[in-house]
Amino acid sequence: MRTIDLPTRRTGQSAPVTHVAFGKEGRRLASCSYDGTVLIWDMTDPGQPRQTVRFRHRRLVNSSAWNPVEPELLATASADKTVGVWRVPDEGRAELLNVLARHTDDINSVAWMPDGRRLIAVSEDGRATLWDALDGRLFGEVGSHTAHCMMVSVSPQGLVATAGEDGMVAVSAPGTDHAPVVRHYESSVEGCAWSHSGGTLAIARDDGVVELLTSALQPLRTIQVSRSAARSVAWAEDDSTFVVGAYDGSLCFYEANGALLHRIHDPRIWPRSVAVARGVAVVGSFWSGPHVFDLASAKEISGPSTPTHGPNAFASNGRELFVGCDSGRVLAIGLDDVATGAPRVLDVADGPILSLAAHEDVLYAGTYAGHIVRHEAGRARESSQVGAPVPSLCLAEGRVMGGTYNGEIVALDPRSLEIVGRRTPHAGSVKSLAPGSGGFFSAATDRTVAAGSLDDRHTLWQHGNLVNAVAVLDGEVAASASRDHTVKVGRLGTAPGEVRQMQTLLGPDESVKCVALLGSPESPVVLAGSYDFGLYAWNVDWSAGARTLTSGTTVAEFTQGVSCMLALDATRVAVAGWDGRVLIAGLAPDGTVEVHRTWDVMSLMDSASSLVDRVTA
């Protein structure tokens with residue numbers, strides 16, 4: 001497994017901050033990032049956090065937890081499928097004491113048991129495992145979910161709460177004969193946190209609700225926090241207040257009785273993690289470091305000064321390639337060698353752009369905050385909040401189609417952005433949309449690929465895990481990329497949902513993030529990008545039927561996961577990685593794929609003339 005290799009900033013992280021965690025005394029803070037690093041901050045003066053220690057995993061770091069007994073011990077959970085156990089001094093270098101490595105998928109969260117020796121780790125594979133963190137012994141599973149297990153929290157009494165995308169919350173008592181207590185919800189549950197007394201469990205649900213429960217999972221209070229998903233919860237030391245982060249970029253401060261004290265909105269915030277200690281609340285960020293707020297007033301005390309520009313989405317109008325970034329900016333790159341002027345920077349949104357679509361001079365962007373933005377001639381118009389982040393967009397049926405985290409597909413009028421229709425055809429996040437004959441195609445975390453109109457959709461096929469992307473060639477061939485490490489390509493029939501031929505393509509060692517099709521329906525070339533940093537290509541031979549397991553060839557390698565791709569025409573494709581590299585590749589006469597041009601997003605952002613005269617209509 002290759003290691004993420006991103007430029008190191010003098011202060012802060014070079015990719016979004018995924019998690020924040022205070023040490024027992026609240027003096028030290030750990031921040032984790034997509035760049036694979038863990039930073040330790042001295043929070044003695046929260047107005048001026050001081051970076052003291054830096055260390056790293058081979059992949060992005062999802063979570064960390066300080067030991068409740070030995071203040072120098074820190075556990076970190078990574079997408080490299082390991083938990084690192086570190087001794088972290090106040091200054092100097094962290095010492096790796098142990099690596100816990102028997103999960104089959106990304107580890108999302110870790111928590112120590114009160115004895116300071118045993119550790120719980122939960123993973124995308126749905127398992128919750130109990131370890132002796134110091135000698136590496138696996139005691140066994142303490143629970144499992146049917147979908148990704150997202151969060152674990154341990155009470156002072158040793159009760160283990162886990163929450164997952166299957167909507168299940170479970171509480172168990174490892175080492176006892178007590179059977180786990182389980183509660184099920186219709187929506188995914190991504191956050192949970194015990195109060196410091198251990199008497200109350202707060203859970204954060206994808207329907208925007210935070211629910212307070214007893215240790216037996218009996219409801220105490222239900223609070224509608226947001227129209228978007230609630231993601232994270234943290235309690236003040238005396239349990240008098242708690243703080244909630246939501247996907248719409250809001251941070252909400254509540255009294256324990258559910259009364260709202262403050263609500264702030266900052267699109268730079270990444271609310272997948274919140275931590276509270278010593279009168280301050282700290283939250284993750286799409287920028288280069290954590291944000292620090294006063295707990296009593298909700299005023300920001302300190303925060304990052306530098307945006308990150310990780311590319312998430314592509315669109316093209318034939319003349320320019322548009323690259324949507326974490327910073328909310330879109331980089332417009334001329335595709336013609338004689339294109340006039342430098343690349344342009346469009347200030348489209350205030351927070352991360354997850355998806356793009358373009359028609360002539362109009363650009364549409366789907367945002368993390370749950371809006372769809374129409375940008376034309378330097379002017380931006382924003383839709384109402386559609387209810388969840390918008391990871392996919394396409395233009396179909398004369399409307400703008402937006403796929404959301406909660407499984408909806410929302411249709412909007414392309415000029416007014418009025419919502420004119422919405423359906424929920426998937427039981428999971430709609431990760432990708434692609435226009436096609438008779439409607440559009442969709443791919444979702446419910447493992448399915450579907451096609452049809454908004455009102456009449458048909459499942460084409462399923463994968464063994466969530467589907468990240470779908471691409472279409474001339475309405476006759478579709479391909480999909482999945483977390484199960486495969487690409488499926490199918491030749492479509494004329495009847496709704498009909499698939500005449502199907503092949504499964506192998507090659508990537510990790511989740512396949514994006515896919516594109518070049519060539520012709522008779523001889524298609526499939527390209528796919530993976531979290532293993534590789535760009536792969538397959539020449540499909542339909543005469544082979546489904547009898548072969550075809551391995552792809554490596555076209556290019558990045559220093560981070562490949563994030564998005566877009567077929568520009570039948571012979572060219574644009575590809576981007578989270579390392580900021582953007583390339584154009586094309587078909588050679590012999591059917592192989594060659595890299596033609598390469599850019600660096602950060603360098604182009606620095607050199608481009610920014611359109612700062614954005615006017616909100």
*Asks:* Provide the closest heavy-atom pair for L356 versus F322 in the form atom of the first, atom of the second, distance.
*Replies:*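 Reported closest heavy-atom pair: CD1-O, 3.6 Å.
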*Asks:* Mind checking whether H309 and L331 have side chains closer than 4.5 Å, heavy atoms only?
*Replies:*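 No, too far: nothing below the 4.5 Å cut-off.
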*Asks:* Is the number of heavy atoms from other residues, nucleotides or ligands within 6.0 Å of NE2 (H596) greater than 12?
*Replies:*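 Yes.
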*Asks:* Has S482 got a side-chain atom pairing as donor or acceptor with L466's backbone, closer than 3.5 angstrom?
*Replies:*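 It does hold such a pair.
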*Asks:* For E124 and A79, indicate whether the former's side chain and the latter's backbone hold a donor-acceptor pair under 3.5 Å.
*Replies:*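 Absent.
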*Asks:* Answer yes when D361 and R319 have at least one side-chain N-carboxylate O distance shorter than 4.0 Å, and no when they do not.
*Replies:*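 Judged by the 4.0 Å cut-off on N to carboxylate O distance, D361 and R319 do form a salt bridge.
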*Asks:* Any idea which heavy atoms bring L417 and S383 closest together, and the distance?
*Replies:*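 Heavy atoms only, the tightest pair is CD1-N, 3.6 Å.
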*Asks:* Is there a donor-acceptor contact under 3.5 Å from the side chain of Q13 to the main chain of S31?
*Replies:*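 Pair found, side chain donor or acceptor close to backbone of S31.
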*Asks:* Under the side chain to side chain contact (heavy atoms under 4.5 Å, CB included) rule, what do L354 and V390 come out as? Steps first, then yes or no, please.
*Replies:* CA-CA 6 Å; L354 302 184; V390 186; 5.9 Å; no
*Asks:* Do you see a donor-acceptor pair shorter than 3.5 Å between the side chains of T559 and D5?
*Replies:*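 There is no such pair between these side chains.
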*Asks:* What I'd like to find out is whether the side chain of F314 reaches to under 4.5 Å of the side chain of L568, using heavy atoms alone.
*Replies:*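 Result no, sub-4.5 Å side-chain heavy-atom pair not found.
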*Asks:* Donor-acceptor pair, S392 side chain versus V430 backbone, under 3.5 Å?
*Replies:*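 Present.
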*Asks:* If we count only N and O atoms by modelled type, under 3.5 Å, do the side chains of W287 and D326 hold a donor and an acceptor together?
*Replies:*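 Checked: W287/D326 side chains show no N/O donor-acceptor pair below 3.5 Å.
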*Asks:* Restricting to non-hydrogen atoms, name the atom on L6 and the atom on A15 that form the minimum distance, rounded to 0.1 Å.
*Replies:*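 Reported closest heavy-atom pair: CD1-CB, 4.4 Å.
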*Asks:* Can you tell me how far the OG atom of S520 sits from the CD atom of E476, to the nearest 0.5 Å?
*Replies:*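 It comes to 9.0 Å.
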*Asks:* What are the two closest non-hydrogen atoms of R483 and N468, and how far apart are they?
*Replies:*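 R483 and N468 have their closest heavy atoms at N-ND2, 4.0 Å.
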*Asks:* Do R272 side-chain atoms and E190 backbone N/O form a donor-acceptor pair below 3.5 Å?
*Replies:*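 It does not hold such a pair.
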*Asks:* Report the distance from atom CD of Q385 to atom OG of S228, rounding to the nearest 0.5 Å.
*Replies:*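 Rounded to the nearest 0.5 Å, the CD-OG separation comes to 5.0 Å.
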*Asks:* If I take atom CG from residue N108 and atom CE from residue M151, how far apart are they, to the nearest 0.5 angstrom?
*Replies:*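 Reported value, rounded in 0.5 Å steps: 8.5 Å.
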*Asks:* Say you draw a straight line from CH2 of W461 to OG1 of T448; how long is it, rounded to the nearest 0.5 Å?
*Replies:*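 With rounding to 0.5 Å, CH2 (W461) is 11.5 Å from OG1 (T448).
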*Asks:* Identify each donor-acceptor pair in which a side-chain atom of residues 490-499 lies under 3.5 Å from a protein atom, sequence neighbours left out, and give them as a table.
*Replies:*
residue : atom : partner : partner atom : Å
E498    : OE1  : T494    : N            : 3.2
E498    : OE1  : A495    : N            : 3.1

*Asks:* Does a side chain donor of either S442 or R457 reach within less than 3.5 Å of an acceptor in the other side chain?
*Replies:*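 The answer is yes; a qualifying pair exists.
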*Asks:* Is E397 reaching over with its side chain to a backbone N or O of L454, donor-acceptor style, under 3.5 angstrom?
*Replies:*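 It does hold such a pair.
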*Asks:* Evaluate the side chain to side chain contact (heavy atoms under 4.5 Å, CB included) criterion for residues N312 and W578: first the C-alpha distance (whole Å), next the side-chain angles of each, then the deciding distance (0.1 Å), finally the verdict.
*Replies:* CA-CA 8 Å; N312 296 315; W578 276 304; 3.2 Å; yes
*Asks:* Please confirm whether the backbone N or O of A556 pairs with a side-chain atom of T554, one donor and one acceptor, at under 3.5 Å?
*Replies:*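 No.
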*Asks:* When you check the side-chain N and O atoms of H458 and D456, is any donor under 3.5 Å from an acceptor?
*Replies:*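 On atom types as modelled, these side chains qualify, holding a pair under 3.5 Å.
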*Asks:* Apply the test side chain to side chain contact (heavy atoms under 4.5 Å, CB included) to residues R374 and V400: give CA-CA distance (whole Å), side-chain angles for both, the deciding distance (0.1 Å), then the verdict.
*Replies:* CA-CA 10 Å; R374 186 182 194 273; V400 181; over 6 Å; no
*Asks:* Roughly how far, to the nearest 0.5 Å, is the CE atom of M401 from the CG atom of L433?
*Replies:*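 Going from CG on L433 over to CE on M401, the span is 9.0 Å.
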*Asks:* Determine the minimum heavy-atom distance between G164 and H145, stating which atoms define it.
*Replies:*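 What the structure gives for the nearest pair is N-CE1, 3.6 Å.
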*Asks:* Would D125 and S123 count as having a side-chain donor-acceptor pair, cut-off 3.5 Å?
*Replies:*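 Distance-only check passes for D125 and S123.
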*Asks:* How about F441 and S432: do any of their side-chain heavy atoms sit closer than 4.5 Å?
*Replies:*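 SC-SC contact between F441 and S432 ruled out.
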*Asks:* Heavy atoms, side chains only, cut-off 4.5 Å: are D532 and H485 in contact?
*Replies:*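 When only atoms from C-beta onward are counted, H485 and D532 do not touch, as no gap falls below 4.5 Å.
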*Asks:* Strictly distance-based, threshold 3.5 Å: is any side-chain N or O of S78 a donor or acceptor partner for the main-chain N or O of T82?
*Replies:*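 Checking the backbone N and O of T82 against the side chain of S78, no donor-acceptor pair under 3.5 Å is found.
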*Asks:* For the pair D35 and R9, evaluate salt bridge (charged side-chain N to carboxylate O under 4.0 Å, His left out) and give the outcome as yes or no after the intermediate values.
*Replies:* CA-CA 11 Å; D35 68 6; R9 299 178 186 268; over 6 Å; no
*Asks:* Heavy atoms, side chains only, cut-off 4.5 Å: are V515 and L527 in contact?
*Replies:*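 No - every pair of side-chain heavy atoms lies 4.5 Å or more apart.
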*Asks:* Heavy-atom distance under 4.5 Å between the side chains of V61 and H19, does that happen here?
*Replies:*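 Side-chain contact under 4.5 Å: no.
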*Asks:* Calculate, to the nearest 0.5 Å, the distance between atoms NE2 and CG belonging to H375 and D347 respectively.
*Replies:*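 Atom-to-atom, H375:NE2 and D347:CG are 7.5 Å apart.
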*Asks:* Hey, does R231 have a side-chain heavy atom less than 4.5 Å from the side chain of M150?
*Replies:*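 Yes; the side chains approach each other to less than 4.5 Å.
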*Asks:* When you measure from the side chain of T18 to the backbone N and O of C32, does any donor-acceptor pair fall under 3.5 Å?
*Replies:*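 Side chain of T18 to backbone of C32, a donor-acceptor pair under 3.5 Å: yes, one is there.
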*Asks:* Please give me the minimum heavy-atom distance between S563 and C514, naming the atom from each residue.
*Replies:*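 Of all heavy-atom pairs spanning S563 and C514, the closest is C-SG, 4.0 Å.
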*Asks:* Before you tell me yes or no, could you show the steps for T445 and K431 under side chain to side chain contact (heavy atoms under 4.5 Å, CB included), namely the whole-Å CA-CA distance, both residues' side-chain angles and the distance that decides it to 0.1 Å?
*Replies:* CA-CA 7 Å; T445 60; K431 302 281 281 186; 3.8 Å; yes
*Asks:* When you measure from the side chain of E382 to the backbone N and O of H371, does any donor-acceptor pair fall under 3.5 Å?
*Replies:*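 The answer is no, because no donor-acceptor pair under 3.5 Å joins these two groups.
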*Asks:* Parallel, tilted or perpendicular: which one describes the rings of F286 and W270, with boundaries at 30° and 60°?
*Replies:*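 Judged by the thresholds at 30° and 60°, the geometry between F286 and W270 is parallel.
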*Asks:* Just so I know, are the side chains of N62 and I107 near enough to count as touching, which here means a heavy-atom distance under 4.5 Å?
*Replies:*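 No. Closest side-chain heavy atoms not under 4.5 Å.
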